[in-house]
Every structure is written in C-alpha cells, then in structure tokens.
Amino acid sequence: MERFKVAGGARLAGEIAVCGAKNSALKLMAVALLAEGRTELHGVPRILDVELMAELLRRLGCDVELDWTPGPEREEGPQEGSTLVIDVPAAPGTEADYDLVRRLRASICVLGPLLARRGEAKVSYPGGDAIGSRGLDMHIDGLERLGATISQEHGFLVASAPGGLTGGSILLDFPSVGATENILMAAVLARGTTVIENAAREPEIVDICALLGAMGAKIDGAGSSTLVIEGVDELRPAPSPHRVVSDRIVAGMFAVAATMTRGDVRVAGGRAGHLEIALDKLTQAGATVVSDESGFRVSMDRRPKAVDIITLPYPGFATDLQPLFAAMNSIAEGTSMVTENLFDARFVFLQELARLGASVRTEGHHAIVRGVERLSGAPVRATDIRAGAGLVLAGLVADGYTTVSDVRHIDRGYQGLVTQLRSLGATIEREPDPDPYP
Ligand code: EPU
C-alpha cells in the first residue's frame, strides 16, 4: 500500500498532455470481443483498471498486449497514453469471475458483447462500491428486450439467447452510460433494428459508436438521445488503429488544479467542447479559459469565487468532476451549493475534506460548502478515484503536508499523476504507507 505526500503552496504552471479516457478505453476493449481477430487501440491510459480489463479478456481466451509493464513503472511513458492490442479468438469464453468483476465494475460491459457473439454469458454480479449502490436493472431489461433470458444464480448474472438476439425498442428510465453501452454492444449483432431512446450521450459513447462503425456496425444518432442500430451478421476488426477519445475528466482535473493554485496550465489534447459547463463554471470562479482545436489553457490570478454545481448526465455537469469542484469551493470566496444526482455516496469524500479544515454541511444529496481562507494539511484517505483526485488538489493548496492514503484508487484512473503534477511545479511524491489499513 502506498500514499501520496503533497506539499501545499505551489503554483502550477506549464503544459501537460491528456491521454485517452478510461471510461472509453475499458469499453472499447469489450467492443473488440465482437469480432474475431486483432484490434489496436492508441492513446490508452496506463492505469490499473486497463490492466484488470486486460486480465479479464485474457481469461476469455484473448491475447492482450500492453506496451507497458504493469505496476509502478506505468507512471513513466508518453503522456498521450499507450498502445494496446487485443487478439480475439473465434469463440471467446463466456464467463467473467467475481475476483475480477468486483475489482472492476466496468467489466459488466462484457455481458452485451459475449451474449451477442456467443449466445450466452455468465458474468459475476458486481455488487455495490464506495460511491453507492449501482443498479443493473436497465442493463437487464434492455437485453431482455432483445430476446435474452437473464437470471441471477449464485452471484452470477446468467444470460442466454440460443437462437440469437432480435432488435427491439428500448426506452431507458434514465440515460445510463453502462446500460446504453451494454445494449448497444449487443444490438449491433441482433437480427433487425434496435432503437434505444433516452440513451446516454457521453463522448465515450460516441467513441464506442465510432469503433463499432469501423468494424462494420450500422448505428445512427451517436451523441444524441436516440440510437438506431441496424443489426449485421458479423463484424470484423477495424482496419486501422483506433485512438481513444481524450479523457475529459483528467483534462477537467488539470483545469481545476490551475484555478485552485492560481496557476497557468495548458492542457494539450483537452477537448473544451466536452467540458462546456465545467469550464464555464471556472470562468465564473474568475479563471481565464482560452481554447483552440489542440487543447485549452486555464489561468488564474486570485482566490476563486464559489460556484454552485448540479451533477447531471452529459452534457450536464459530470459527477466525476464533482469532488474536484467541491475541493475548489472549499477554499473559494463565498458559499456554494453542490448537488449530487448520480451517486448517492459520493459525499463520503467531504468528510475527508473536512479533515483538512473545509467547512461542509450535507443535507441529502446537497452539500453546502462555506469557503475558508486556508486548508491545513493532514492525513486523509482516498475513498474512490475521483475523491482521491479531489484530495490531491486540496493538498496542493493546504498549509504544510497532506498525505493521501489508498492511492490504488487514484491509480485506477489517473495515468502518471505524480509525474505530471511535478512537471507543473507541484511537490508530490509516492511513498510506502506506514498505516495501510482502511
Ligand atoms: N443505474 C441504475 N440502474 C441501471 C444503471 C444505472 O439504477 O441499470 C443508476 C446508477 O445506480 C447510478 C446512475 O444510474 O445512480 C448512473 O449510472 P450510469 O449507468 O450512468 O453510470 P455507470 O455506467 O455505472 C459510468 C462511469 C462512471 C461515471 C458514470 C456517469 C464507467 C466505467 N463508469 O458509470 O465513472 O461517473 O458513468 O457519468 O464508465 C469514474 O470514472 O470514477 C466513474 C464512476
């Protein structure tokens, strides 16, 4: 077990590059299962979650090559991300076990592709995680609409469609990212037309549609709330490598870091169009944001002003940026209201922020954050990926040293965070945790 030791007080300045999005790369790896042969992905983040997904695919009989060594060395390497090659056999396995699924919830996204390709799949039920209860009802209802039979047995979701899947109409109760992806990845090989209404519109979904299209799938409406999928008999691997869409959550983190530290950071490869509300909020906080086609730059010369945020599905304000904005509001001038609509337990993080001196009160899914002049460094614990990033940013502006334990959470989602923050002038290091027990 390791922790990050962060010194407060540095002003971040310089340029970093953003890698491909975790939440796209993991799903693109599942998309590869839909065709026999070799799929090459570029810009893949060197993170623990990708290594776990690679392991899961290997257990399904795929050959997966990463161009980095799993473990601490993943910190070094191109900032833009790395290359990953997946070679899928004619008949991949159909079972994903609990030991991996519980460590990587995103592995539930192999359910749709395996069902479509093999007519059966048995995927461990992932269970809850630190950010709250996360249902699968929409995944299951949607796949059942395509003709699958799904039951829960001994901790597994057991799905079958021996005669193949058939297109159908699905109206999602909520634009769930995971349900949209699972249904989409099953529908591309179903007989006939599938319509998914109230579909998620995230840039990562558009990215998945782009790779599926290059493999021969017929999809209309990517990026809108209605996806129309014309099933085809077979997909083939994309003829050329696919570059993973840039990670808007990582880009957003550097934008908030620049604002909090009164810095000046250029985020090369950051897509301002994918962060519209977040960057607008930083402007309201007092930052200057300038974007062009190759990235954006955020600079700040004063204490930020508090901004209210409300998390919503894309294009609304991303829940994955909520802890970072809560950290910014904790040192801002004024009081703000932070409303979390997606994940019920994401406010657990605020208790850690309070250990650094933040003034926070929660009422259900609202938090009132009263900005204080200064935070005071202390030992804190990352409770999930985004909470971990929020605590690192808080540490950058707190007096003295902050240690953030349980960095395995941060390693799940941020490639080379220590190296990148150091290159911008931060004092941060990874060290063994003398008190590793949660
Ligand atoms: N939900 C249900 N039933 C379902 C599906 C979802 O009740 O069948 C609920 C969930 O419990 C949650 C809400 O709907 O309250 C949103 O869930 P959604 O399915 O949209 O999210 P997800 O697919 O589980 C992905 C990302 C999250 C990101 C959310 C929202 C991946 C691997 N995860 O989760 O990312 O916060 O979309 O944008 O893509 C992270 O990277 O730290 C992370 C948590």
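As the structure lists them, so they are numbered: ligands from 1, and atoms in each ligand from 1. Everything quoted here is computed from the prediction, not taken from an experiment. Numbering of residues begins at 1 and proceeds along the displayed sequence.
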Can you tell me how far apart [atom1] ([X]) and [atom2] ([Y]) are? Round to the nearest 0.5 Å.
X      : Y      : atom1 : atom2 : value
Asn23  : Arg248 : CG    : CZ    : 8.0 Å
Ile410 : Glu2   : CD1   : CD    : 11.0 Å
Leu56  : Glu95  : CG    : CD    : 11.0 Å
His366 : Ile310 : NE2   : CD1   : 8.5 Å
Glu363 : Thr339 : CD    : OG1   : 11.5 Å

Heavy-atom distances under 4.0 Å are what count here, so tell me which part of [X] touches ligand 1: side chain, backbone, both or neither.
X      : answer
Asp320 : side chain
Arg386 : side chain
Tyr314 : neither

Using a 4.0 Å cut-off to any heavy atom of [X], which atoms of ligand 1 qualify?
X      : answer
Ala106 : 32 (C)
Met138 : 1 (N), 2 (C), 3 (N), 4 (C), 5 (C), 6 (C), 8 (O)
Phe174 : 13 (C), 14 (O), 16 (C)

- Message: Given Ile108, Asp137, Asn23, identify the one with the heavy atom nearest to atom 7 (O) of ligand 1.
- Response: Asp137
- Taking the minimum heavy-atom distance to atom 30 (C) of ligand 1, which of Leu342, Ile385, Asp247 ranks first? Leu342
Answer yes or no: does an N/O atom from [X] fall short of 3.5 Å to an N/O atom of ligand 1?
X      : value
Glu181 : no
Gly178 : yes
Val177 : yes
Arg105 : no
Leu26  : no
Asp384 : no
Lys22  : yes

- Item | Leu172 atom CG, over 12 foreign heavy atoms within 6.0 Å | yes
- Message: So for Arg346, does at least one of its heavy atoms come nearer than 4.0 angstrom to any atom of ligand 1?
- Response: yes
- Message: Against ligand 1, does Glu204 come closer than 4.0 Å with any heavy atom?
- Response: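 No.
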- Partners passing ring-ring contact (aromatic ring centres under 6.0 Å, His included) against Phe317 (at least two apart in sequence or in another chain): Phe325
- For residues His274 and Glu202, determine if any side-chain heavy atom of one lies less than 4.5 Å from a side-chain heavy atom of the other. no
- Task: State, without any angle test, whether Asn182 and His139 hold a side-chain donor-acceptor pair at a distance under 3.5 Å.
- Result: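 The criterion, which ignores hydrogens and geometry beyond distance, is satisfied for His139 and Asn182.
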- Message: Under a 3.5 Å threshold, yes or no: a donor from one side chain and an acceptor from the other, between Ser294 and Arg266?
- Response: yes
- Message: If we check salt bridge (Lys or Arg N to Asp or Glu O under 4.0 Å) with Asp411, which of these qualifies: Arg3, Lys22, Arg430?
- Response: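 Output: one option passes, namely Arg430.
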